[in-house]
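Predicted model, so just to flag it, every value in this text is computed and none were measured.
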Amino acid sequence: QVQLVESGGGLVQTGGSLRLSCAASGRTLRNYDRGWFRQAPGKEREFVAAIKWSGGKTYYVDSVKGRFTLSRDNAKNTVYLQMNSLKPEDTAVYYCAADAVLGRVGIMTAASDYDYWGQGTQVTVSL
């Protein structure tokens, strides 16, 4: 059974930083592209960032470019989302996901394209 487990969320003041982790267990997801999404109350789940497992190229939504950095640890089968200069509008539940379709060109930004999901971790940015 595949499992993605997020950690690292919490409460931080505007301008602060958090690092989210997404660890995979069960059937290996080593070749699967990984994405981060977030969902604020009353809003749809939105794409935040993603990383190609082959090659490590990263993609970000415009609103987080220059503030968030996605990285991976192949040995631990874990991806990290370093979030700096956090803003109140970053407040949401953050989810990591894995895309089980191999060989894609580019990255998927629609939640429906991802096959495995973590349980989510709350990030709250106060004024």
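- In this structure, Arg38 and Val64 have side chains that are in contact, with non-hydrogen atoms separated by less than 4.5 Å.
- Tyr114 and Ala50 get closest at one heavy-atom pair: OH-CB, 3.9 Å.
- Electrostatic pairing of Arg104 and Asp33 does not count as a salt bridge here, judged by no charged N lying under 4.0 Å from a carboxylate O.
- Residues Tyr59 and Thr109 have side chains not in contact (no heavy-atom distance under 4.5 Å, counting atoms from C-beta outward).
- Using a distance-only test at 3.5 Å, with no hydrogens or angles considered, a donor-acceptor pair links the side chain of Thr14 to the main chain of Ser126.
- Atom SG of Cys96 is separated from atom OH of Tyr80 by 12.0 Å, given to the nearest 0.5 angstrom.
- Between Arg67 and Asp90, the closest side-chain pair of non-hydrogen atoms falls below 4.5 Å.
- Annotation for Asn31 and Leu102: closest pair O-CD2, 3.4 Å, computed over non-hydrogen atoms.
- Nearest heavy atoms, Trp36 versus Ser21: CH2-O, 3.7 Å.
- Although no hydrogens or angles enter the test, the distance criterion places a donor-acceptor pair under 3.5 Å between the side chain of Asp115 and the main chain of Ala100.
- You'll find the side chain of Tyr95 stays beyond 4.5 Å of the side chain of Leu4, heavy atoms only.
- Scanning both residues, Val79 and Ile51, for their nearest heavy atoms gives CG1-CG2, 4.1 Å.
- In summary, Asp62 and Lys65 engage in a salt bridge, as defined by a charged side-chain N under 4.0 Å from a carboxylate O.
- Side chain of Gln39 to main chain of Ala92: no donor-acceptor pair is present (N/O by atom type, distance under 3.5 Å, no hydrogens or angles).
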| When you look at Leu20 and Met83, which way does the side-chain contact (heavy atoms from CB on, under 4.5 Å) test go after all the steps? | CA-CA 8 Å; Leu20 305 184; Met83 306 186 296; 3.7 Å; yes
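- Thr121 places no side-chain N or O within donor-acceptor distance of the main-chain N or O of Tyr94, the cut-off being under 3.5 Å.
- By the 4.5 Å heavy-atom criterion applied to side chains, Arg45 and Trp117 are counted as neighbours.
- Under the 3.5 Å distance criterion, the side-chain polar atoms of Gln119 are left unmatched by any main-chain donor or acceptor of Val5.
- With contacts defined as side-chain heavy-atom distances shorter than 4.5 Å, the pair Tyr60/Thr69 qualifies.
- You'll find the side chain of Gln122 stays beyond 4.5 Å of the side chain of Leu11, heavy atoms only.
- Side-chain contact between Leu86 and Phe68 is present, with at least one heavy-atom pair separated by less than 4.5 Å.
- Atom OG of Ser7 sits about 8.5 Å away from atom CZ of Arg19, to the nearest 0.5 Å.
- Put simply, the side chain of Arg72 gets close to the backbone of Lys52: a donor and an acceptor are under 3.5 Å apart.
- In the displayed structure, Glu89 atom CD is contacted under 6.0 Å by more than 12 heavy atoms of other residues, nucleotides or ligands.
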